Amino acid sequence: MEKKRLIIDLARCVGCFNCLAACKDEFAGNSWLPYTDSQMKHDQKWIDVHRHERGAAPYTDVCYVPKLCNHCENADCEKAYPDAVKRRGDGIVLLDPEKAKGARALVSACPHGMISWNDELETAQKCTMCAHLLDSGWKEPRCVQACPLRAISIVSCGDAEFSEMIAGQELTPLANGSHNPRVMYKNLHRYSCCFISGALACEADGEERAASGAAVELYRNGELICSAETDFFGEFKIGRIPSGGGVCELLYYYKGYEPVRTEVTVNGDSVCLDVVRLGA
Ligand code: SF4
Ligand code: SF4
């Protein structure tokens with residue numbers, strides 16, 4: 001049977017919060033029983049967009065990470081409360097509004113923090129993937145429809161087809177994937193990996209110039225991990241470095257100059273290096 005999945009592309013998301021606004025518009029003050037009771041207008045978010053900054057001046061970047069219930073195949077909330085959590089044939093995981101009433105313990109049953117407590121109605125709640133709309137013929141949940149950059153998309157497919165999509169589009173789960181989430185991320189390295197940035201200069205005709213077009217290679221334990229080329233300003237950025245990269249070696253190659261080798265330690269944060277001067 002075809003199952004619903006969401007794909008979130010971090011390279012597209014700009015943190016406009018339209019998805020959150022659409023979710024509020026759909027659920028705040030609107031009860032969609034038997035799917036869910038209404039959401040609180042404030043102090044409760046079924047989808048939230050987290051800002052993630054990397055680096056230090058002058059080399060910084062930022063990405064936005066929309067987070068919502070993963071509709072896990074192997075859901076801890078369902079294991080803990082099989083009576084209150086319902087898994088539909090299309091993969092959407094719902095909380096039973098009747099059984100969730102007064103069941104505050106449900107909030108801590110999700111290790112990803114995706115079940116929230118509605119203080120006004122005294123009930124546990126979470127994203128329903130707009131199941132009430134999909135069941136009435138809508139093709140997309142409100143967050144998907146509202147995203148101006150198509151950073152969130154919904155796919156309906158079988159497991160084998162989705163496995164191909166995961167491999168082909170390099171989709172990854174936000175947290176460890178043992179819970180088999182149905183929300184997968186594209187370009188997650190912008191959030192989960194570090195980068196190394198720096199600049200290369202050289203001396204020519206008695207002047208210091210940007211070494212543009214130089215090759216920069218990063219090695220760990222003698223193995224090439226990533227490489228980059230310096231831009232017009234002699235600057236480079238090597239991304240996709242796992243945060244526990246440890247001690248690495250950088251090698252700089254530029255035509256007419258001796259290669260330069262430096263050491264760099266990556267310990268969880270992105271690294272911004274001083275200018276390296278070739279031939280100095
Ligand atoms: S993300 Fe949390 S609430 Fe959603 S299905 Fe998985 S365990 Fe349950
Ligand atoms: S609407 Fe789209 S671009 Fe805007 S924050 Fe949500 S996912 Fe990102």
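In this text the structure is predicted, and so the values were computed from the model without any measurement. Numbering of ligands and ligand atoms starts at 1, following listing order. Computed from heavy atoms alone, side chains included, the values below leave out hydrogens, waters and symmetry copies.
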Which of the atoms of ligand 2 are close to Ile152, meaning less than 4.0 Å from one of its heavy atoms?
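Result: 7 (S).
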Please state which option from Cys110, Gly91, Ser116, Cys69 has its nearest heavy atom closest to atom 4 (Fe) of ligand 1.
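Going through Cys110, Gly91, Ser116, Cys69 one by one, Cys69 has the nearest heavy atom to atom 4 (Fe) of ligand 1.
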Applying a strict under-4.5 Å side-chain criterion to I, L, V, M, F, W and Y, I'd like to know whether [X] and [Y] cluster together.
| X | Y | answer |
| --- | --- | --- |
| Tyr191 | Leu6 | yes |
| Leu174 | Met129 | yes |
| Trp46 | Trp32 | yes |

Cys72 near atom 6 (Fe) of ligand 1: N/O/S under 2.8 Å:
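Within the cut-off used here (under 2.8 Å), Cys72 does place an N, O or S atom near atom 6 (Fe) of ligand 1.
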Taking the six-membered ring of Phe162, is the NZ or CZ of Arg5 close enough (under 6.0 Å from the centre) and on axis enough (within 45°)?
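Yes, Arg5 lies over the aromatic ring of Phe162.
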Contacting atoms of ligand 1, where contact means under 4.0 angstrom from a heavy atom of [X]:
| X | answer |
| --- | --- |
| Ile115 | 3 (S) |
| His112 | 1 (S), 2 (Fe) |
| Lys126 | 3 (S) |
| Cys77 | 3 (S), 5 (S), 7 (S), 8 (Fe) |

Can you list the steps and then say if Thr230 with Glu235 is a side chain to side chain contact (heavy atoms under 4.5 Å, CB included)?
CA-CA 5 Å; Thr230 55; Glu235 295 180 339; over 6 Å; no
If the plane angle is over 60° it's perpendicular, under 30° parallel, otherwise tilted; pick one for His132 and Phe27.
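Plane angle over 60°, so perpendicular.
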Using side-chain hydrogen bond (donor to acceptor under 3.5 Å, both in side chains), reason through Asp9 and Tyr185 one step at a time and then give a plain yes or no.
CA-CA 6 Å; Asp9 188 348; Tyr185 291 79; over 6 Å; no
Among all the protein's non-hydrogen atoms, which is closest to atom 1 (S) of ligand 1, and how far away is it?
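Nearest protein contact, heavy atoms only, for atom 1 (S) of ligand 1 is Asn70 N, 3.2 Å.
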From atom 4 (Fe) of ligand 2, how many protein N/O/S atoms are found at a distance short of 2.8 Å?
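Excluding waters, the total comes to 1.
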Taking everything shown except Lys237 itself, do over 12 heavy atoms lie less than 6.0 Å from its NZ?
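For Lys237, atom NZ is crowded (more than 12 foreign heavy atoms under 6.0 Å).
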Scan Asp96, Asp37, Asn118 and name whichever one has a side chain to side chain donor-acceptor pair (under 3.5 Å) with Lys101.
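The passing option is Asp37.
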Decide, yes or no, whether a salt bridge links Glu249 with Arg261 under the criterion of side-chain N to carboxylate O below 4.0 Å.
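Yes, charged N to carboxylate O under 4.0 Å.
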